[in-house]
Q: 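Here's a structure for you.
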Amino acid sequence: MSYLFPNYQRKDIQWVKGEKSTLTDQKGQNYLDFTSGIGVMNLGYNDSELNQVLAEQAAQLWHAPNLYESQLQEKTAEQLAKGKDYVAYFCNSGAEANEAAIKLARKATGRSKILSFTNSFHGRTYGAMSATGQTSIQEGFHPLVPDFDYLPFNDDSSLVQQIDQQTAAVLLELVQGEGGVIPADQQWVKKIEQLCHENGALLIIDEIQTGIGRTGTFYAYEQYQIEPDIFTLAKGLGNGFPVGAMLGKSALAEAFGPGSHGSTFGGNNLAMQVASKVVDRINTPNFLLDVQKKGDRLSKELHQLAEKSSLVKEVRGKGLMLGIELIDQETLIWAMDQLKIEGLITLKAGQTVLRLLPPLIITEEEITQAVEQLEKVLCKEQIND
Ligand SMILES: Cc1ncc(COP(=O)(O)O)c(C=O)c1O
């Protein structure tokens with residue numbers, strides 16, 4: 001018997017070692033990892049520089065409570081603001097970052113209505129789950145936090161009626177990740193921003209999966225010519241060390257005064273050292289250009305593959321966040337198993353999408369290898385041959 005709650009559907013593999021983009025299982029078998037631990041290991045496994053900063057900080061001071069000043073938090077917050085007028089709150093996960101964003105939006109506006117989108121994913125805590133536009137994730141957990149409403153994604157029709165003077169915030173992912181790797185349309189996002197401004201509502205961008213270089217810019221919102229009032233981060237920020245962050249315009253700072261919100265571990269010294277180094281490394285023009293180039297190449301080759309495959313409906317995404325929509329759910333499960341046998345680890349998104357989130361340090365040779373593995377599986381004539 002297992003001593004664990006069965007809340008995850010676990011595969012019969014155990015990872016015991018990681019090196020750059022390669023994972024090794026308990027039998028010594030190597031796999032190319034196109035999941036990055038669900039969008040986390042952007043700098044890959046066993047990175048010597050990150051190992052070193054973590055070890056040095058561990059030898060100095062692991063934890064200090066948030067009752068004292070923290071130069072480490074100040075430094076990381078300044079890096080994340082990227083010269084713009086944002087202040088940061090640090091926490092330990094994506095759900096916590098969104099929870100903070102929802103609380104800040106309600107407190108700062110004095111309004112309660114939060115709008116998010118069907119198919120979205122924002123986390124599993126009550127506020128974040130209530131914002132998540134998927135009934136399957138909310139099932140059995142009612143009553144939810146009140147005053148959350150879901151609008152159709154990439155659809156203009158109801159925006160004007162729904163975003164009004166009672167709206168505290170609109171919360172969205174710029175590429176829906178768990179929901180099926182669905183990029184938001186530029187004009188639609190601009191319209192949401194404009195309606196938020198007109199109605200005094202805040203625009204919250206969930207960058208938990210799209211941020212930290214994943215889509216080819218440091219933040220995905222930089223590709224949309226918008227300036228969110230609040231945005232949230234986690235996953236890639238700590239490259240595997242648990243850390244989350246919420247950034248908000250400094251005009252909102254007053255609403256989160258002393259005693260309003262907090263976390264014992266948030267902004268922990270170990271987490272801040274790692275996050276600061278991750279941002280240093282990823283937020284450079286060369287690194288981000290390389291992500292764009294590799295993403296463009298992978299996307300192009302996947303589109304070519306799609307033309308040859310009767311199992312692929314569509315290829316979409318941004319940067320190194322790509323999805324291959326397959327013809328049905330059964331095919332997806334079959335394809336992931338076959339790819340695993342070939343030595344490529346992939347993710348599912350929605351019911352039918354094969355999601356690819358390779359480490360951002362993936363090499364050109366590894367992309368070639370992955371495309372060959374994908375071609376071998378997806379361009380087979382029959383599912384069962
Ligand atoms: C867009 C988005 N928001 C929020 C979350 C929740 O993050 P966490 O699992 O760290 O709570 C996720 C996790 O997959 C996510 O993809």
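This chain uses plain numbering: 1 for the first residue, then up along the sequence. From a predicted model like this one, the values you see are computed outputs, not experimental measurements. Just follow the structure's listing: the first ligand is 1, and inside any ligand the first atom is 1.
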Q: Going by the angle between their ring planes, with limits at 30° and 60°, are Tyr89 and His261 parallel, tilted or perpendicular?
A: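 Rings of Tyr89 and His261: tilted, as their planes differ by 30° to 60°.
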Q: Below the 3.5 angstrom mark, is there an N/O of Gly123, backbone or side chain, next to an N/O of ligand 1?
A: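 No: no nitrogen or oxygen of Gly123 is under 3.5 Å from one in ligand 1.
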Q: Given that the side chain starts at C-beta and the backbone is N, CA, C, O, which of these parts of Glu178 lies under 4.0 Å from ligand 1, counting heavy atoms, or is it both or neither?
A: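 For Glu178, the contact with ligand 1 is made by the side chain alone.
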Q: What residue among Val312, Leu354, Leu322 forms side chain to side chain contact (heavy atoms under 4.5 Å, CB included) with Leu302?
A: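 Among the candidates, only Leu322 passes.
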Q: Please state whether Arg124 comes within less than 4.0 angstrom of ligand 1, counting heavy atoms only.
A: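 For ligand 1, residue contact (heavy atoms, under 4.0 Å) with Arg124 is absent.
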Q: Mark yes or no for whether Glu207, through its side chain, and Ala220, through its backbone, hold a donor-acceptor pair below 3.5 Å.
A: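 Judged by distance alone, yes, a pair lies under 3.5 Å.
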Q: For the side chain of Gln57 and the backbone of Leu54, is there at least one donor-acceptor N/O pair under 3.5 Å apart?
A: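 Not at all, since once roles are kept as given, no pair shorter than 3.5 Å links the two residues.
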Q: Look only at interatomic distance and state if Asp206 has a nitrogen or oxygen under 3.5 Å from any nitrogen or oxygen of ligand 1.
A: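 Between Asp206 and ligand 1 (N or O atoms, distance only) the closest approach is under 3.5 Å.
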Q: What protein heavy atom lies closest to atom 16 (O) of ligand 1? Include the residue and the distance to one decimal.
A: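 So the nearest neighbour among protein heavy atoms is Gln209 NE2, 2.8 Å.
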Q: Mark yes or no for whether Arg214, through its side chain, and Gln209, through its backbone, hold a donor-acceptor pair below 3.5 Å.
A: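 Judged by distance alone, no pair lies under 3.5 Å.
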Q: Check each atom of ligand 1 against the heavy atoms of Glu173 and keep those under 4.0 Å away; list them by number with element.
A: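 Selected atoms, number and element: 1 (C).
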Q: Students should be able to answer this: which protein heavy-atom is nearest to atom 7 (O) of ligand 1, and at what distance?
A: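 Ranking protein heavy atoms by distance from atom 7 (O) of ligand 1, first comes Gly94 CA, 3.4 Å.
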Q: Is Leu43 linked to Phe241 within one hydrophobic cluster, defined over Ile, Leu, Val, Met, Phe, Trp and Tyr using a side-chain heavy-atom separation of less than 4.5 Å?
A: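 Cluster IDs for Leu43 and Phe241 match.
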Q: Check whether any side-chain N or O of Ser309 sits under 3.5 Å from a backbone N or O of Ala306 as a donor-acceptor pair, and report yes or no.
A: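 Not confirmed, Ser309 side chain does not pair with Ala306 backbone.
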Q: Could you check atom 11 (O) of ligand 1 against the protein and tell me its nearest heavy-atom contact, residue, atom and distance included?
A: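 Answer, as residue, atom name and distance: Ala95 N, 2.8 Å.
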Q: Within 45° of the axis and under 6.0 Å from the centre of the six-membered ring of Tyr86, does NZ or CZ of Lys249 qualify?
A: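 The answer is yes; both the distance and angle limits are met.
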Q: As a test of the contact definition, would atom 9 (O) of ligand 1 count as having a protein heavy-atom neighbour under 4.0 Å?
A: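 Answer no: nothing from the protein, no heavy atom, is under 4.0 Å.
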Q: Polar-atom distance check: Lys235 versus ligand 1, any N or O pair below 3.5 Å?
A: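 Between Lys235 and ligand 1, an N or O pair is found under 3.5 Å apart.
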Q: Show the atoms of ligand 1 that are less than 4.0 angstrom away from any heavy atom in Asn98.
A: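 Counting atoms of ligand 1 from 1, those under 4.0 Å from Asn98 are 3 (N), 4 (C).
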